[in-house]
Student: 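The structure's right below; bear with me while I get my questions together.
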Number of protein chains: 2
Amino acid sequence: MAARVTATSIVDAISNDLRTRILEGELTSDLALTETEMAASYDVARPTAKAAIEKLVSEGLLVRGAHKSARVAELGPDSVRDIYRARAYLESEVLRRLAVTRTVPEGAVQANRDIAAVAGGSALDVVEPDMRFHTSLIDAVGNERLSKMYRSLVSEVRLCMVRVQSLNLLDTALIQAEHQRILELIAEGDGPGAAQLLDEHLSRARERLAAAIGGEAGPEAHHPSSLHPSSLHSS
Amino acid sequence: MAARVTATSIVDAISNDLRTRILEGELTSDLALTETEMAASYDVARPTAKAAIEKLVSEGLLVRGAHKSARVAELGPDSVRDIYRARAYLESEVLRRLAVTRTVPEGAVQANRDIAAVAGGSALDVVEPDMRFHTSLIDAVGNERLSKMYRSLVSEVRLCMVRVQSLNLLDTALIQAEHQRILELIAEGDGPGAAQLLDEHLSRARERLAAAIGGEAGPEAHHPSSLHPSSLHSS
DNA sequence: CTTGCATACTTGCTAGACAATCGTGGAGGT
DNA sequence: ACCTCCACGATTGTCTAGCAAGTATGCAAG
């Protein structure tokens, strides 16, 4: 398995590169991704760029109207709640099933160890092992479709995360402790307890993230919560 | 809202038509869907047909290798179990949450009424209201992403269903009774009870469907479980 | 019977072009 | 001065034509 990273196709290579650039915050929702520019910057034909864009649109990372340019998806507080609630639906049931067999995924405990390891570093470094913790739990049930669904949600979560530069809203120690407790509850066979704790865990993160995203509408918006009707014309 | 069915784009129209033809069994996995043939039959250019095919590939209804023609996905018993388990994961947690607020979706009770109405007719007519019953439950929580995920699973289920012509494996009365009991448990606020009953409900359907799909390898296969090595050359 | 090669078919991608549509800006009327 | 309407540029949707690359199949040779 020497050459595993070989790009299977050009459109896949472009879409992968675009995905990482989006998830790293290089591409924001304020600049339009026209097919022509994309084709020129990657030195490919326009249909190729078009296919790459449409792939990311189908993943939910880009949005595009009828004849308009594609833009990075702008996820508001309502979308954040939608995403996190979907996460909770999937993951809490998974915890119940894992608790029945008392299955504690090794990847999850390792991921939680990594969270503790970066406790002193940047808050952004917590995001990766945190996501790895949750995906490890999902993957532990060995359901291909479930894992794919959850991965799609994780992508959107990371898209939200990259928009809030000041991630001081993450209490690393608390996150790590709650993860640990969840694993313990699974080991004890307490499915409902693990599910409920996860629910609280995700609810807290959800509301913090929703507030952080809803409150930052640019430097000129003083009172985002008190917008008057004249400011909403189309959307 | 007079013109609602207007095709937003040609590729969408083609992919929609293809989807219905696949789900109705007109297109089976034994014939190759060539891009040029598709383009010729719909009288469009090849890139258009290509886009429509790739859209269905991303939905999981079609599969395609490196430089090979697209074919209708062939879902084996293992895939059936994967799909039904994913359904169970999503839906059982939904039932728990619906039971908390004792929310009984009107669409679900109507769908179950429709199941009883077609009890005397063809077994195939049960599939549609049955799916509608389950999707109504999912939609009741009002989560956009969750509904989309479940709809994707339902598509694959229907793809499996169309392969088993003799659907005498469906006990309409039993299905309808179990659905009714699930709704009652929700109304009583018994989330775990509803979740467990649903689990048994789906498990039974899953194993029947898996057996029906795994055991039908054509009219000439007398003993599907005892095939000798010389009969499997490539696939 | 197996192995190797050549050919046909299909897809991946490119280049260029035209029509349809959306957004924007300016001309004209009130 | 303000509003309405039209024309223009920009962008996407789709088409035509074609070349390159890969896969599969058939045939010939060992």
Side-chain angles (χ1 to χ4, degrees), chain A residues 3-18 27-59 61-74 230-235, chain B residues 3-18 27-59 61-74 228-235:
Chain A
R4 176 96 78 81
V5 288
T6 53
T8 56
S9 72
I10 294 183
V11 46
D12 279 349
I14 294 179
S15 61
N16 287 337
D17 186 63
L18 272 182
L27 272 42
T28 56
S29 61
D30 49 359
L31 81 155
L33 300 178
T34 67
E35 295 181 355
T36 315
E37 285 179 1
M38 298 287 314
S41 71
Y42 281 102
D43 196 49
V44 294
R46 190 161 72 92
T48 307
K50 180 189 183 69
I53 289 176
E54 281 176 349
K55 186 173 181 183
L56 294 188
V57 167
S58 77
E59 290 182 16
L61 291 180
L62 294 180
V63 289
R64 172 159 67 166
H67 282 76
K68 300 199 298 183
S69 300
R71 302 184 108 86
V72 175
E74 200 164 342
S230 67
S231 68
L232 34 88
H233 29 72
S234 73
S235 171
Chain B
R4 175 94 80 80
V5 289
T6 54
T8 57
S9 71
I10 295 183
V11 46
D12 279 348
I14 294 179
S15 61
N16 287 337
D17 186 63
L18 271 182
L27 271 43
T28 56
S29 61
D30 49 358
L31 81 155
L33 298 178
T34 308
E35 293 183 357
T36 50
E37 283 180 5
M38 298 287 313
S41 71
Y42 282 102
D43 196 46
V44 294
R46 189 161 71 94
T48 307
K50 178 188 183 69
I53 289 176
E54 281 176 349
K55 186 173 182 184
L56 294 189
V57 168
S58 76
E59 290 182 16
L61 291 180
L62 294 181
V63 290
R64 170 159 66 167
H67 283 73
K68 301 200 298 184
S69 301
R71 302 184 110 83
V72 174
E74 200 164 344
H228 43 289
S230 68
S231 68
L232 34 88
H233 30 72
S234 72
S235 173

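Values reported hereafter were calculated over all heavy atoms of this structure, with side chains retained and with hydrogens, waters and symmetry mates removed. So that the names make sense, note that chain A is the first sequence line, chain B the second, and so on, each numbered from 1. None of the values given here were measured: they were computed from a predicted structure.
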Student: How far does CG of B/Asn16 sit from OG1 of B/Thr8, to the nearest 0.5 angstrom?
Tutor: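 That separation rounds to 7.5 Å.
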Student: Starting from P on D/dG13, measure out to NZ on B/Lys50 and report it in whole angstrom.
Tutor: 17 Å
Student: According to salt bridge (charged side-chain N to carboxylate O under 4.0 Å, His left out), does anything in residues 37-48 of chain B pair up with another residue at least two apart or in another chain? List the pairs.
Tutor: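 Sorted pair list: B/Glu35-B/Arg46.
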Student: Could you give the angle between the helix axes at the two ends of the helix from C/dC1-D/dG30 to C/dT30-D/dA1, with five pairs per end, rounded to 10 degrees?
Tutor: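 The angle, to the nearest 10 degrees, is 10°.
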Student: Calculate, to the nearest 0.5 Å, the distance between atoms CG and CG belonging to B/Leu27 and B/Leu61 respectively.
Tutor: 11.0 Å
Student: Where along residues 63-72 of chain A does a heavy atom fall under 4.0 Å from DNA chain C?
Tutor: A/His67, A/Lys68
Student: Which pair of non-hydrogen atoms, one from B/Ile53 and one from B/Leu33, has the smallest distance, and what is that distance?
Tutor: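 Scanning both residues, the minimum pair turns out to be CD1-O, 4.0 Å.
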Student: Enumerate all atom pairs, one protein N or O and one N or O from nucleotides 5-7 of chain D, separated by less than 3.5 Å.
Tutor:
none

Student: What I'd like to find out is whether the side chain of A/Lys55 reaches to under 4.5 Å of the side chain of A/Asp12, using heavy atoms alone.
Tutor: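 Touching, per the 4.5 Å side-chain cut-off.
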Student: Please identify the 5'-most and 3'-most nucleotides of DNA chain C with any atom under 4.0 angstrom from a heavy atom of chain A.
Tutor: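 For DNA chain C, the relevant span reads C/dC13 to C/dG23.
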Student: B/Glu54: what forms a salt bridge (Lys or Arg N to Asp or Glu O under 4.0 Å) with it, not counting sequence neighbours?
Tutor: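 If we apply the salt bridge (Lys or Arg N to Asp or Glu O under 4.0 Å) test to B/Glu54, skipping adjacent residues, the hits are B/Lys50, B/Arg64.
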Student: So do the side chains of B/Leu18 and B/Met38 get within less than 4.5 Å of each other, counting heavy atoms only?
Tutor: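 A side-chain contact exists here, since the closest heavy-atom pair is under 4.5 Å.
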Student: Can you name the side-chain contact (heavy atoms from CB on, under 4.5 Å) partners of B/Ala45, sequence neighbours left out?
Tutor: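 Per chain and number, B/Ala45 pairs via side-chain contact (heavy atoms from CB on, under 4.5 Å) with B/Pro47, B/Thr48.
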Student: Under 3.5 Å between N/O atoms: give me all the protein pairs with nucleotides 15-19 of chain D, atom names plus distance.
Tutor:
from   : atom 1 : to      : atom 2 : distance (Å)
D/dC15 : OP2    : B/Ala45 : N      : 3.2
D/dC15 : OP2    : B/Thr48 : OG1    : 2.1
D/dG18 : O6     : B/Arg46 : NH2    : 2.9

Student: Cut-off 3.5 Å, no hydrogens considered: what does the side-chain donor-acceptor table look like for residues 67-74 of chain A, sequence neighbours left out?
Tutor:
from    : atom 1 : to      : atom 2 : distance (Å)
A/Arg71 : NE     : A/Ser29 : O      : 3.3
A/Arg71 : NH2    : A/Asp30 : O      : 3.4

Student: In residues 27-35 of chain B, which ones come under 4.0 Å of DNA chain C, going by heavy atoms?
Tutor: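 Residues of residues 27-35 of chain B under 4.0 Å from DNA chain C: B/Leu33, B/Thr34, B/Glu35.
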